[in-house]
Amino acid sequence: MKISRRKTLVAAISLAVLGLAACGKKEEAKPEVAAAPASTAEPLKVGFIYVGPVGDAGWTFAHDAARKQVEAKFGDKVKTTFVENVPESAADAERVIRDLASQGNKIIFGTTFGYMEAILKVAKDFPDVKFEHATGYKTADNVAQYDVRTYEGAYLAGVAAGKLSKSGKLGIVASVPIPEVLRNINSFELGARSVNPKATTKVVWVNKWFDPGKEREAATTLVGQGVDVLMQNTDSAAVVQTAEEKNVLAFGWDSDMTKFGPKAHVAASTIDWSGYYIQRVTDVMEGKWKSGFTWWGLKENMIDLKYFNANVSDDVKKLIAERRQGVIDGTAPIWKGPLKDNTGKEVLGKDVVADDKFLHEIKFYVEGVEGKVPG
């Protein structure tokens, strides 16, 4: 390629000028290419408060399993914290809830009935924090309620118990006499009587959610009274362990308890909280969280009767599957009149199906449940 003298001269002059400039002025450092900014997004802090130990079965175990699912779903976008063995006393619960809020948790789940008033109190002081309370009945602008239709699992267990019991005498180790627990007891009996109209249910109350010693004593008492199938509304595996020792049948509660009584364990009324927790954490992340009340059950895969013993016949499992579907699609509701309490008083008229308001206000035993409701 031919280069003209004019272009050569211009280039030379340009180089000379640049050289002079360099001699008269300190060379400036070349600007560095800016590195990509590090992510400044902080993980969403999520707190959980448990009434019992996490352990390896039961109510608290089920909540903690769901907490782990939240971590698996969101990875480093969340940071979860839990505090176990928090008593339901107002002072203890408030202290822990307030501490979690002060630590920057933006949504806090209180997982037992007795935390309700403490949550409401703390929520007033932390309006930017979302609080969720399990099994209660009060809400606020930043407090929501959630629950699982445990009575649906109890009903299916009752159907199985009615088919498997040789004596027709069933027993329940019960925790605290609130509508939630009464609803479960009654639904169990309704399930049993749907296949054995003469089935009866005895109840022993321990007045605590988690107390293995008292649960064991209660189960032993029931077996001594001729009960051959046990259910529980308590958190430990003591009832299933006792059933194994006493050679009777039992149902796991809230989670699979097979390993605690391989021969005794018929099946488990199992809760899966993960779908709800993931949804609510998502709502906070997307700015869509709202207060309210959520009550999920079989239809939403939050409760089910699972982990059947190999000795349970296909006929019984088929019956359970049919009843499950009937509850889900509404063709076979659990609470449908005519129904009487155990004093003979009608509580639901013929063909009347109980609504959620009715179910939340149950303070009685249905026909077939023996004794009186405490207090």
Side-chain angles (χ1 to χ4, degrees), residues 44-52 58-71 73-74 78 80-84 86 88 93 96-97 100-101 105-123 126 129-154 175-176 178-181 183-184 209 233 235 253-255 269-286 288-304 355-357 359-362:
L44 178 71
K45 292 185 176 181
V46 185
F48 293 82
I49 314 158
Y50 302 148
V51 69
W59 176 264
T60 295
F61 174 79
H63 282 285
D64 199 61
R67 178 190 65 81
K68 293 175 181 177
Q69 288 297 311
V70 170
E71 290 185 332
K73 171 70 175 178
F74 296 106
V78 301
T80 71
T81 301
F82 70 89
V83 183
E84 58 188 335
V86 180
E88 291 182 293
V96 174
I97 296 164
L100 285 173
N105 288 283
K106 294 302 182 183
I107 181 167
I108 297 172
F109 296 95
T111 61
T112 192
F113 182 84
Y115 296 159
M116 184 170 65
E117 296 300 337
I119 285 175
L120 290 166
K121 183 176 181 180
V122 175
F126 293 88
V129 177
K130 313 304 181 187
F131 295 85
E132 300 259 356
H133 176 230
T135 75
Y137 56 90
K138 294 181 181 180
T139 61
D141 289 344
N142 61 331
V143 179
Q145 298 287 340
Y146 66 104
D147 203 353
V148 56
R149 294 181 184 268
T150 47
Y151 70 93
E152 294 180 343
S175 49
V176 182
I178 58 176
E180 171 198 346
V181 180
R183 193 167 55 236
N184 293 334
W209 296 104
N233 202 153
D235 294 352
W253 189 247
D254 299 331
S255 69
S269 179
T270 307
I271 302 176
D272 183 354
W273 300 99
S274 62
Y276 182 78
Y277 286 154
I278 289 170
Q279 180 61 59
R280 297 303 270 172
V281 169
T282 299
D283 290 343
V284 173
M285 288 179 167
E286 297 179 353
K288 297 178 180 178
W289 188 95
K290 293 181 179 179
S291 178
F293 176 70
T294 302
W295 203 14
W296 288 353
L298 287 170
K299 185 176 181 179
E300 296 82 10
N301 297 314
M302 200 172 190
I303 189 79
D304 203 356
D355 59 15
D356 286 354
K357 183 177 184 298
L359 293 172
H360 276 108
E361 296 176 352
I362 289 174

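Heavy-atom basis, side chains included; hydrogens, waters and symmetry copies ignored. Everything numeric in this text was worked out from a predicted model, so none of it was measured.
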**Q** Verify the distance criterion only: is there a donor paired with an acceptor across the side chains of Asp283 and Gln279 at less than 3.5 Å?
**A**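 Asp283 vs Gln279: donor-acceptor pair found between side chains.
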**Q** If we check side chain to side chain contact (heavy atoms under 4.5 Å, CB included) with Ile107, which of these qualifies: Val46, Val129, Val78?
**A**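 Of all the options given, the one that passes is Val46.
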**Q** Any side-chain heavy atom of Met285 sitting closer than 4.5 Å to one from Leu44?
**A**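 The answer is yes, as the side chains (C-beta and beyond) meet within the 4.5 Å cut-off.
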**Q** Tell me, do Ile278 and Phe74 make a side-chain contact under 4.5 Å, heavy atoms counted?
**A**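 They are in contact (side-chain heavy atoms under 4.5 Å apart), so the answer is yes.
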**Q** Please determine whether side chain to side chain contact (heavy atoms under 4.5 Å, CB included) holds for the pair Phe293 and Asp147, giving the CA-CA distance in whole Å, both sets of side-chain angles, and the decisive distance to 0.1 Å.
**A** CA-CA 8 Å; Phe293 176 70; Asp147 203 353; 4.2 Å; yes
**Q** To the nearest 0.5 angstrom, please state how far the CZ atom of Phe131 sits from the OG1 atom of Thr139.
**A**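 Going from the CZ atom of Phe131 to the OG1 atom of Thr139 covers 14.0 Å.
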**Q** Under a 4.0 Å N-O cut-off, is there an ion pair linking Glu71 with Arg67?
**A**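 Counted as a salt bridge, because a side-chain N and a carboxylate O are separated by less than 4.0 Å.
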**Q** Show the nearest heavy-atom pair for residues Asn142 and Phe126, with the distance to one decimal.
**A**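 Closest approach of Asn142 to Phe126: ND2-O, 3.1 Å.
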**Q** Tyr277 vs Trp273 aromatic rings, parallel, tilted or perpendicular, using cut-offs 30° and 60°?
**A**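 The rings of Tyr277 and Trp273 lie parallel, inter-plane angle below 30°.
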**Q** Side chain to side chain contact (heavy atoms under 4.5 Å, CB included) for Tyr276 and Thr294? Distances and angles first, verdict last.
**A** CA-CA 9 Å; Tyr276 182 78; Thr294 302; 3.6 Å; yes
**Q** Is the closest side-chain heavy-atom distance between Asp141 and Ser291 below 4.5 Å?
**A**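 No. Closest side-chain heavy atoms not under 4.5 Å.
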**Q** So do the side chains of Trp296 and Arg149 get within less than 4.5 Å of each other, counting heavy atoms only?
**A**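 No, too far: nothing below the 4.5 Å cut-off.
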**Q** For Glu300, what residues pass the side chain to side chain donor-acceptor pair (under 3.5 Å) criterion, not counting sequence neighbours?
**A**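 Per chain and number, Glu300 pairs via side chain to side chain donor-acceptor pair (under 3.5 Å) with no residue.
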**Q** Got a second to check how far Lys130's NZ is from Ile108's CD1, nearest 0.5 Å?
**A**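 Answer for the NZ-CD1 pair, Lys130 versus Ile108, is 12.0 Å.
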**Q** Just checking, is any N or O donor in the side chain of Thr112 or Glu88 under 3.5 Å from an acceptor N or O on the other one?
**A**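 Indeed, the side chains of Thr112 and Glu88 share at least one donor-acceptor pair under 3.5 Å.
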**Q** I'd like to check Phe48 versus His63 (side-chain heavy atoms, cut-off strictly below 4.5 Å). Are they in contact?
**A**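 Sidechains of His63 and Phe48: no contact.
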**Q** Quick check: do Thr111 and Phe82 have side-chain heavy atoms less than 4.5 Å from each other?
**A**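 No, too far: nothing below the 4.5 Å cut-off.
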**Q** If I take atom CD1 from residue Ile271 and atom CH2 from residue Trp59, how far apart are they, to the nearest 0.5 angstrom?
**A**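 Taking CD1 in Ile271 and CH2 in Trp59, the distance rounds to 5.0 Å.
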**Q** What orientation do Tyr137 and Phe113 show, parallel under 30°, tilted 30 to 60°, or perpendicular over 60°?
**A**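 Rings of Tyr137 and Phe113: tilted, 30 to 60°.
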**Q** Given side chains that start at C-beta, do those of His360 and Trp295 come closer than 4.5 Å, heavy atoms only?
**A**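 Yes. Closest side-chain heavy atoms under 4.5 Å.
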**Q** With heavy-atom distances below 4.5 Å as the criterion, would you say the side chains of Gln145 and His133 are in contact?
**A**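 They are in contact (side-chain heavy atoms under 4.5 Å apart), so the answer is yes.
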**Q** Pick out which of Leu298, Asp272, Thr270 makes a side chain to side chain contact (heavy atoms under 4.5 Å, CB included) with Asp304.
**A**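 Of the listed residues Leu298, Asp272, Thr270, the side chain to side chain contact (heavy atoms under 4.5 Å, CB included) partner of Asp304 is Leu298.
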